Amino acid sequence: MTEVVTWCSNDYLGMGHHPEVRAAMHKAIDDGATGAGGTRNIGGTNALHVELERLLAALHDKPAALTFTSGYSANLAALTVLGSLLPGMVVLSDGDNHNSMIEGIRRAGCDRVIFEHNNVADLEAKLASISPERPKLVVFESVYSMSGNISPIGEIARVAKKYGAMTYLDEVHAVGMYGARGGGVSQEMGVADQIDVIQGTLGKAFGMQGGYVTGDTAVVDCIRSFGASFIFSTSLAPVLAAGAIASVSHLMQSQEERRLQRERVTEIKARLTAIGLPVMPSQSHIVPVFVGDPVKVKTLTDRLQERHRIYLQPINFPTVTRGTERIRIAPGPCHTGAMADHLLAALDEEWSLLGLKRQAQAIAA
């Protein structure tokens, strides 16, 4: 077996390996909390599910939370329900929203309007064109995973409120990573109370599996009652819920993982820029490096794995638009200085061998 160093994991803080998390999962197994044994409505609700949902609601300072087997399922159920139950609903969706959000809105069968990515003026113009009597829902993300962009959450919430629209914020790439307690970018910006529904995942910075939504009790109960991917899916395994409880609880208290992760990101961005690699502008923990060719980006990642034991994945269409192919680096607290040196040397070498462009200036996606 050949060991490789992964630089693209969504386990951003290494919590999937944390001793407190592993201990909690071992205890849950010893206590018999392995499989759920059914859907949440038919024998599949465990005390650990209830405890986790209370904790997630507290994380986001919301009255209620509901867990799912994945973040994809959470978006699919929540947006299908919210888009379909109110007559005349119009959903306004950011142009760069994730596929799970797009599919949830599509399944709702309601009217939908796409606004330009992170463009508050365009959102306001589109909201102003809709009859004030119609219910409206603004759907967007906090951190866009393939570009590293962060949305102007407070401004979007302000404009939505001005036109009587609800807000739905996907924080999957931000929970655990931002905010004093890991509640996401909205918590870090101090605007979480201005968002009606916050959706998150347990499968990235919390190092587990599963997704969730948080919001007012009536909204969460509505999703619980009508969300197909909640009603008809076997519950999240209680052992995973136990691990998630330990991970969320730890990151609500500890700043160390976030501090180390930000140090690694700052270092890697600076060193990539210093050797002339085209680091795409990113305000977040995600470090995208522009390649712009689907064949060369695949060749690059193949060579990194075969020659240097470095695991990175090519990011191609349809995840990103054609011509903007890239690698996506996710430095974390478990990456050592020696690992960083090895990554930079390997990228420098292979970039030259493949004749890839070196540019100091920012490249827009």
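Only a predicted model underlies this, so the values are computations on that prediction, with no experimental measurement involved.
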_Within a 6.0 Å radius of atom CG on L353, are there more than 12 heavy atoms belonging to other residues, nucleotides or ligands?_
yes
*Closest heavy-atom contact between T214 and A65?*
CG2-CB, 3.6 Å
*Does a side-chain N-to-carboxylate-O contact under 4.0 Å join E256 and R259?*
yes
*Does R264 come within less than 4.0 Å of E267, counting only side-chain N to carboxylate O?*
no
*Tell me whether the guanidinium CZ or amine NZ of R322 lies under 6.0 angstrom from the six-membered ring centre of F317 and within 45° of its axis.*
yes
*asked:* Within this structure, what is the CG-CD1 distance for the pair L79 and I105, rounded to the nearest 0.5 Å?
replied: 5.5 Å
*asked:* For the CZ atom on R309, are there more than 12 heavy atoms of other groups (residues, nucleotides or ligands in this structure) within a distance under 6.0 Å?
replied: no
_Parallel, tilted or perpendicular, judged at 30° and 60°: which one describes the rings of F68 and F230?_
perpendicular
_Determine whether T273 and R271 satisfy the following criterion, side chain to side chain donor-acceptor pair (under 3.5 Å), listing intermediate values before the conclusion._
CA-CA 5 Å; T273 301; R271 293 183 65 182; over 6 Å; no
*Should R307 and E350 count as an ion pair when the cut-off is N to O under 4.0 Å?*
yes
_How long is the straight-line distance from NE2 of H49 back to CD1 of I245, given to the nearest 0.5 Å?_
9.0 Å
*Please step through side-chain contact (heavy atoms from CB on, under 4.5 Å) for the pair D31 and H26, ending with a clear verdict.*
CA-CA 9 Å; D31 291 343; H26 279 293; over 6 Å; no
*For the residue pair Y144 and H173, is the inter-centroid distance of their aromatic rings smaller than 6.0 Å?*
no
_G179 to E188 - nearest heavy-atom pair and separation_ = N-OE1, 2.9 Å
*Name the orientation class of the two ring planes belonging to Y12 and H285 (parallel below 30°, tilted from 30 to 60°, perpendicular beyond 60°).*
perpendicular
_Basic-acidic side-chain contact under 4.0 Å: E306, R303_ = no
*asked:* With rounding to the nearest 0.5 angstrom, report the CG to CG distance, N149 to D96.
replied: 7.5 Å
_Pairs satisfying salt bridge (charged side-chain N to carboxylate O under 4.0 Å, His left out), at least one member in residues 55-70, at least two apart_ = D61-R181
*Could you grab the distance from atom CE of M146 to atom OG of S282, nearest 0.5 Å is fine?*
12.0 Å
_Ring centres under 6.0 angstrom apart (Y212, H60)_ = yes
*Shortest non-hydrogen contact from G71 to T201?*
N-OG1, 4.3 Å
*asked:* Once rounded to the nearest 0.5 Å, what's the spacing between atom OG of S145 and atom CD1 of I315?
replied: 8.0 Å
*Rounded distance [0.5 Å steps], CD1 in I327 versus CG in L312*: 5.5 Å
*So, E53 and R40, do they make that salt bridge, N to O below 4.0 Å?*
yes
*Heavy atoms only: give me the nearest A64-A57 pair and the separation to one decimal.*
C-CB, 3.8 Å
*Taking NZ, NE, NH1 and NH2 as the nitrogens, is one of them in K27 or D30 under 4.0 Å from a carboxylate oxygen of the other?*
no
